[in-house]
S.K.: 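Sending over a structure as structure tokens; questions will come in a sec.
So you know, we letter chains A, B, ... as the sequences are listed, proteins then strands, and number each from 1.
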Number of protein chains: 2
Amino acid sequence: MKDAKNVTITDSEWMVMRAIWTMGHATSRELIDAMNELEGWSASTTKTLLRRLIQKQAVAQHGGSRPFTYKPVVGEKESMAAAADDLFDHMCAMRAGSTIAGVIQSRELSRADIANLQAILAEKAKTAPEEVQCNCLPGDQTC
Amino acid sequence: MKDAKNVTITDSEWMVMRAIWTMGHATSRELIDAMNELEGWSASTTKTLLRRLIQKQAVAQHGGSRPFTYKPVVGEKESMAAAADDLFDHMCAMRAGSTIAGVIQSRELSRADIANLQAILAEKAKTAPEEVQCNCLPGDQTC
DNA sequence: CTTATTAGTTTACAACTGTAGTCACAATAA
DNA sequence: TTATTGTGACTACAGTTGTAAACTAATAAG
């Protein structure tokens with residue numbers, strides 16, 4: 001999974017990011033407790049993940065003195081968009097439509113979300129091509 | 001990334017699956033050539049990936065004699081749906097809507113795809129909740 | 001000040017991934 | 001029947017990921 005800066009964020013790291021994003025900012029203690037409750041991780045595990053996230057510059061350490069505060073460097077929305085794009089990049093372009101359909105069906109969406117999607121689709125319909133080409137192999141073919 | 005049988009398919013393996021799905025069935029030679037052209041991989045690499053996919057039962061070996069034929073065991077559509085669901089499971093439920101919106105905007109969709117999505121959304125609108133709850137941390141909060 | 005506690009840093013280590021070389025055996029050509 | 005070659009099996013190996021123990025430095029408590 002890629003984040004907003006196109007760095008790979010692993011699954012476990014993603015869990016930590018979620019917590020940090022939701023809390024806005026947190027001390028390591030808060031994160032350790034949250035991760036322990038959410039995933040049952042030991043303190044060390046959360047510390048390691050936090051260190052790796054700092055290395056990847058997905059999280060930054062703030063405050064000069066000891067109980068440091070950790071804040072996200074990459075945004076949640078952008079990171080999710082990047083991860084989703086990364087996923088769809090690995091799929092056949094022809095299948096994107098039905099995959100999105102599946103996602104929409106299996107997720108809960110608010111009225112506002114739905115209205116928003118409808119607006120986007122209406123706009124997109126104006127310039128939509130009749131067919132989308134398969135891009136799995138070199139040369140044209142239908143997958 | 002998870003496949004239709006909820007087995008983890010790695011990025012490289014996914015490339016091979018795409019080729020197999022598109023070809024429908026293929027000999028190792030055909031796959032080796034395709035992968036070499038697509039990704040520049042050596043024959044060994046493709047063989048290894050193929051072996052791992054067989055182990056994971058995502059691909060099966062057919063035909064009793066030597067140039068075997070390889071066929072997908074898991075379907076493309078289902079695997080893509082599983083991978084997409086897997087991704088969205090790692091994200092805050094509140095953000096699914098805007099993430100889907102981003103995907104729709106960045107992908108090419110055919111007229112038929114769009115019509116299909118519109119139909120699904122219209123149906124879903126009937127029972128949509130006003131708000132979707134954040135599910136990032138234990139206890140309610142807004143992320 | 002000394003001690004206890006908490007927070008941060010180093011080290012560990014097995015499993016999984018990406019990438020590929022080598023070996024062995026079956027099919028084919030000579 | 002033997003030599004050749006295409007294909008499948010086994011081995012390799014460094015880097016990444018998940019998970020965590022141990023060690024060290026900074027505070028807080030007494």
Side-chain angles (χ1 to χ4, degrees), chain A residues 1-3 6-20 23 25-71 83 86-87 90, chain B residues 1-3 6-20 23 25-71 83 86-87 90:
Chain A
M1 254 177 308
K2 301 294 178 74
D3 80 352
N6 236 48
V7 167
T8 299
I9 299 286
T10 70
D11 281 359
S12 301
E13 287 164 0
W14 201 264
M15 297 293 133
V16 178
M17 288 309 297
R18 263 182 90 164
I20 297 184
M23 303 190 199
H25 58 80
T27 63
S28 64
R29 171 98 331 251
E30 292 167 329
L31 283 169
I32 286 169
D33 291 346
M35 289 306 121
N36 178 264
E37 182 162 2
L38 278 163
E39 309 284 329
W41 291 343
S42 82
S44 298
T45 301
T46 302
K47 288 179 192 180
T48 299
L49 264 358
L50 200 48
R51 174 170 50 81
R52 289 178 184 166
L53 285 168
I54 290 170
Q55 240 156 35
K56 289 178 183 178
Q57 303 195 49
V59 166
Q61 211 177 35
H62 290 265
S65 70
R66 251 321 176 69
F68 295 126
T69 297
Y70 297 92
K71 291 188 195 173
D86 186 47
L87 177 74
H90 285 252
Chain B
M1 255 176 305
K2 300 295 177 74
D3 78 354
N6 235 48
V7 167
T8 298
I9 299 285
T10 69
D11 281 359
S12 301
E13 286 164 2
W14 200 265
M15 298 292 135
V16 177
M17 288 309 297
R18 264 181 89 163
I20 297 184
M23 302 188 199
H25 57 82
T27 63
S28 64
R29 172 101 329 255
E30 291 168 329
L31 283 170
I32 286 168
D33 291 347
M35 289 305 120
N36 178 265
E37 182 163 1
L38 278 163
E39 310 283 330
W41 290 343
S42 82
S44 298
T45 300
T46 301
K47 287 180 193 179
T48 298
L49 263 359
L50 200 48
R51 176 168 47 80
R52 289 180 185 165
L53 284 168
I54 290 169
Q55 241 156 33
K56 290 179 183 177
Q57 303 195 49
V59 166
Q61 211 178 36
H62 290 265
S65 69
R66 226 51 188 333
F68 295 126
T69 298
Y70 297 93
K71 291 187 194 173
D86 187 47
L87 177 75
H90 284 253

S.K.: Between atom CZ in R52(A) and atom P in dG15(D), what is the gap in whole Å?
M.R.: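 Whole-Å distance recorded here is 15 Å.
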S.K.: R29(A) near the nucleic acid: base, sugar-phosphate alone, or nothing, with a heavy-atom cut-off under 4.0 Å?
M.R.: sugar-phosphate
S.K.: To the nearest 0.5 angstrom, please state how far the OG atom of S28(B) sits from the CZ atom of R51(B).
M.R.: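 Interatomic distance, S28(B) OG to R51(B) CZ, rounded to 0.5 Å: 13.5 Å.
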S.K.: Report for the helix from dC1(C)-dG30(D) to dA30(C)-dT1(D): angle between first-end and last-end helix axes, five pairs each, rounded to 10 degrees.
M.R.: 10°
S.K.: Mind listing the closest non-hydrogen atom pair of M15(A) and H90(B) along with its distance?
M.R.: CE-ND1, 3.1 Å
S.K.: Is it true that atom CD of E37(A) has more than 12 heavy atoms of other residues, nucleotides or ligands lying nearer than 6.0 Å?
M.R.: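 No, not enclosed.
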S.K.: Quick check on contacts: within residues 9-20 of chain B, what sits under 4.0 Å from DNA chain C by heavy-atom distance?
M.R.: T10(B), D11(B), S12(B)
S.K.: For M1(B) and W14(B), which heavy atoms make the closest approach, and how far apart are they?
M.R.: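 Scanning both residues, the minimum pair turns out to be SD-CD2, 4.1 Å.
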S.K.: With the threshold set at under 4.0 Å for non-hydrogen atoms, list the residues of residues 32-49 of chain A touching DNA chain C in residue-number order.
M.R.: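 By residue number: K47(A).
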S.K.: With a 4.0 angstrom cut-off to heavy atoms of chain B, pull out the first and last contacting nucleotide of DNA chain C, in 5'-to-3' order.
M.R.: dT17(C) to dA27(C)
S.K.: With rounding to the nearest 0.5 Å, note down the distance linking CG in L49(A) to CD1 in I54(A).
M.R.: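 Rounded to the nearest 0.5 Å, the CG-CD1 separation comes to 11.0 Å.
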S.K.: Working to the nearest 0.5 angstrom, can you tell me the gap between L31(A) CG and N36(A) CG?
M.R.: 12.0 Å
S.K.: Rounded to whole angstroms, how far apart are CG on L31(B) and C1' on dT7(D)?
M.R.: 13 Å
S.K.: Within this structure, what is the CG-to-P distance between L50(B) and dA9(D), rounded to whole angstrom?
M.R.: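 L50(B) atom CG is separated from dA9(D) atom P by 9 Å.
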S.K.: Using a 3.5 Å cut-off and no angle test, enumerate the donor-acceptor pairs between side-chain atoms of residues 56-63 of chain B and protein atoms at least two apart in sequence or in another chain.
M.R.:
{"from": "K56(B)", "atom 1": "NZ", "to": "T8(B)", "atom 2": "O", "distance (Å)": "2.9"}
{"from": "K56(B)", "atom 1": "NZ", "to": "E13(B)", "atom 2": "OE1", "distance (Å)": "2.7"}
{"from": "K56(B)", "atom 1": "NZ", "to": "E13(B)", "atom 2": "OE2", "distance (Å)": "3.0"}
{"from": "Q61(B)", "atom 1": "NE2", "to": "Y70(B)", "atom 2": "OH", "distance (Å)": "3.1"}

S.K.: Measure across S12(B) and W41(B) and return the closest heavy-atom pair with its distance rounded to 0.1 Å.
M.R.: O-CH2, 3.5 Å
S.K.: Quick check: do T46(B) and E39(B) have side-chain heavy atoms less than 4.5 Å from each other?
M.R.: no
S.K.: Heavy-atom contacts under 4.0 Å between residues 56-71 of chain A and DNA chain C, which residues?
M.R.: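 Close to the strand are R66(A), P67(A), F68(A), Y70(A).
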S.K.: Going from CG on D3(A) to CD1 on I9(A), what distance comes out if it is rounded to the nearest 0.5 angstrom?
M.R.: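 One gets 4.5 Å once the value is rounded to the nearest 0.5 Å.
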S.K.: In Å and rounded to the nearest 0.5 Å, what is the NE2 to CD distance from H25(A) to E30(A)?
M.R.: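 With rounding to 0.5 Å, NE2 (H25(A)) is 8.0 Å from CD (E30(A)).
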S.K.: Check whether any side-chain heavy atom of I20(B) lies under 4.5 Å from a side-chain heavy atom of L50(B), and answer yes or no.
M.R.: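 Yes - at least one pair of side-chain heavy atoms lies under 4.5 Å apart.
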